Amino acid sequence: DQPRSRGLGDVYKRQLLGSALSTVMDRRGMEYKALAKSDLDVTDRYATRHCIHVESPDVLFHCAAFTNVDMAESERSTAFAVNADGAKNVAKACKQVGARMVYFSTDYVFDGTKRSPYSTHDQPNPLSAYGESKLTGENAVVASGVDALLIRTSWLYGAVGRGFVPTVIKRAHEGRGLRLVADQIGSPTWAMNVARAAIDLVSYEASGIYHLSDAGETSWYEFGEQILSILGIKAKIEPISSEAWGAPAARPRYSVLDSSKAEAFLGRKMTPWREALKNFLKDISR
């Protein structure tokens, strides 16, 4: 049985994890309040402290984030203001009211030099401003002394926003060719699976760092092929290198996360990414 838990989350209208958390909480009959950026700017320390004091949540799921990896290279100060300073503001306010905090981070805190899944014990070494800002946020949350659950996840997709899955489908339907990177390896992860597991970890009173991603590994190229194969869409896909793609921000070539710590705590395995993708595509077609 899932206990009812009052939570406060900085949930953007088209934010993947925020939307998924709200959906899961609705389905489980949990009491929560979701805030949009227009309700609270987490970079405003005083507004953040006031809001959290007024709401006095038991658990706060911190989903506010600057997630444009390439834009973070040119807007580094903004990325750090949201991902690092914002996380610190929320953590300190949670500490003051005795709330537990869930902070979501990323596989991009790693440099990709390993060729086996990253565990929670591996040393982070981000390659990009985005990865640096998220790692700084992690450290700020820990330093605050708040009762925190830090969750790193990877290659998220879902029913909101303009992410990889809807972009591949849209371009294929339009008859446009796809050029997808074949030398970056990770674990595509349905946001709903992370939301379910995160809420369960909270209910079991987990704390510390956990990795949560769907099981298995693939490249962006193979991920795109699988999307179109499941949907029965014919389209030309060209595999390309990271250099040919030429994105401003460096990505880890290998960023598969080891979710075994979370799996042991939850008593279940994370869903294989292909199965999760089929479930997602079936879910959005209803």
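Since this is a predicted model, take the numbers as computed values, not measurements.
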Might you work through the side chain to side chain contact (heavy atoms under 4.5 Å, CB included) test for Phe164 and Ile227, ending with a clear yes or no? CA-CA 10 Å; Phe164 183 82; Ile227 294 166; 3.8 Å; yes
Step-by-step side chain to side chain contact (heavy atoms under 4.5 Å, CB included) determination, Met101 to Leu149: CA-CA 6 Å; Met101 178 180 178; Leu149 170 61; over 6 Å; no
Given the rule in the side chain to side chain contact (heavy atoms under 4.5 Å, CB included) test, do Tyr254 and Gln184 qualify, once you have shown the distances and angles that lead to the verdict? CA-CA 6 Å; Tyr254 185 92; Gln184 293 173 22; over 6 Å; no
Applying side chain to side chain contact (heavy atoms under 4.5 Å, CB included), run through Phe110 and Asn125 and close with a yes or a no. CA-CA 5 Å; Phe110 297 112; Asn125 183 34; over 6 Å; no
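Nearest heavy-atom pair across Ala195 and Val24 is CB-CG2, 3.9 Å. Pairing each heavy atom of Asp107 with each of Ser255, the nearest pair is OD2-OG, 2.6 Å. Listed here is the closest heavy atom pair of Ile151 and Ala198: CD1-CB, 3.6 Å. Considering all non-hydrogen atoms of both residues, Ala72 and Ala79 come closest at CB-CB, 3.9 Å. When all heavy atoms are compared, the tightest approach of Val146 to Cys94 is CG2-CB, 3.7 Å. The heavy-atom pair separating Ser219 from Ala182 by the smallest distance is CB-O, 3.6 Å.
Residues Tyr108 and Val256 do not share a hydrophobic cluster, defined by chaining ILVMFWY side chains whose heavy atoms lie under 4.5 Å apart. Taking hydrophobic clusters as Ile, Leu, Val, Met, Phe, Trp and Tyr residues chained together by side-chain heavy-atom distances below 4.5 Å, Leu257 does not share a cluster with Leu266. Side-chain heavy atoms closer than 4.5 Å link hydrophobic residues (I, L, V, M, F, W, Y) into clusters, and following such links, even through other members, never connects Val69 to Leu127. Residues Tyr130 and Val109 fall into different hydrophobic clusters, defined by Ile, Leu, Val, Met, Phe, Trp and Tyr side chains chained together at heavy-atom separations under 4.5 Å. Under the 4.5 Å side-chain heavy-atom criterion for Ile, Leu, Val, Met, Phe, Trp and Tyr, Leu212 and Ile185 are members of distinct hydrophobic clusters.
Counting heavy atoms from C-beta on, the side chains of Leu40 and Cys51 come closer than 4.5 Å. Between Phe80 and Glu132, some side-chain heavy-atom pair lies under the 4.5 Å cut-off. Looking at Tyr221 and Ile237, their side chains come closer than 4.5 Å, going by heavy atoms from C-beta outward. Under the 4.5 Å side-chain criterion, counting only non-hydrogen atoms from C-beta, Thr153 is not in contact with Thr106. Inter-residue side-chain proximity for Leu21 and Tyr32 is flagged as unmet; no heavy-atom pair is nearer than 4.5 Å. Looking only at side-chain heavy atoms (C-beta outward), Ser105 and Leu135 stay at 4.5 Å or farther from each other. Residues Trp190 and Thr271 form no side-chain contact, since every pair of their non-hydrogen atoms from C-beta on lies 4.5 Å or further apart. By the 4.5 Å heavy-atom criterion applied to side chains, Val102 and His62 are not counted as neighbours.
By the side-chain contact (heavy atoms from CB on, under 4.5 Å) test, Ser260 pairs with Asp258, Glu263, sequence neighbours left out.
Going from atom NZ of Lys278 over to atom CG of Leu231 covers 11.5 Å, rounded to the nearest 0.5 Å. Taken to the nearest 0.5 Å, the CZ atom of Arg196 stands 8.0 Å off from the CZ atom of Arg28. Glu275 CD to Asp214 CG: the interatomic distance, rounded to the nearest 0.5 Å, is 9.0 Å. Summarising the geometry, atom CZ belonging to Arg179 is positioned 7.0 Å from atom CH2 belonging to Trp245; distances are rounded to the nearest 0.5 Å. Here CD of Glu238 is found 9.5 Å from CG of Leu180. Values are rounded to the nearest 0.5 Å. In this structure, CG on Asp283 lies 6.5 Å from CE on Met192, to the nearest 0.5 angstrom.
With hydrogens and angles disregarded, a donor-acceptor distance shorter than 3.5 Å links the side chain of Arg251 to the backbone of Ala249. Ser203 places a side-chain N or O within 3.5 Å of a backbone atom of Asp200 that can act as its donor or acceptor partner. Looking at Ser128, its side chain does come within 3.5 Å of a backbone N or O of Gly131 through a donor-acceptor pair. Although no hydrogens or angles enter the test, the distance criterion places a donor-acceptor pair under 3.5 Å between the side chain of Glu73 and the main chain of Ala129. Between the side chain of Asp58 and the backbone N or O of Arg100 there is no donor-acceptor pair closer than 3.5 Å. Within the 3.5 Å criterion, the main-chain N or O of Gly18 finds a donor-acceptor partner in the side chain of Ser22. Remark: the backbone N or O of Leu16 is not paired with any side-chain donor or acceptor of Ser19 at under 3.5 angstrom. When atom types are taken as modelled, the side chain of Lys33 and the backbone of Glu55 share no donor-acceptor pair closer than 3.5 angstrom. A donor-acceptor pair is defined here as one N or O able to donate and one able to accept, closer than 3.5 Å; no such pair exists between the side chain of Asn139 and the backbone of Thr136. Ser213 places no side-chain N or O within donor-acceptor distance of the main-chain N or O of His211, the cut-off being under 3.5 Å.
Between Trp155 and Trp220, the ring planes lie parallel to each other; the angle is under 30°, not in the 30° to 60° tilted range. Using bins of under 30°, 30° to 60° and over 60° for the plane-to-plane angle, the ring pair Phe223/Tyr157 lands in the tilted bin. Aromatic ring pairs are classed by plane angle as parallel below 30°, tilted from 30° to 60° and perpendicular above 60°; the pair Tyr210 and Phe265 is perpendicular.
Note on residues 44-54: pairs passing side-chain hydrogen bond (donor to acceptor under 3.5 Å, both in side chains), not counting sequence neighbours, are His53-Gln96. Residue pairs satisfying the side-chain hydrogen bond (donor to acceptor under 3.5 Å, both in side chains) criterion with at least one member in residues 77-87, sequence neighbours excluded, are listed as follows: Asn83-Ser133.
Under a 4.0 Å N-O distance rule, the pair Asp147/Lys95 does not qualify as a salt bridge. Lys134 has no carboxylate O lying under 4.0 Å from a charged side-chain N of Glu138, or vice versa, which leaves the two without a salt bridge. A salt bridge links Asp183 to Arg253: at least one charged side-chain nitrogen sits closer than 4.0 Å to a carboxylate oxygen.
For the pair Lys114 and Tyr118, the cation-pi test (distance below 6.0 Å, angle within 45°) is passed.
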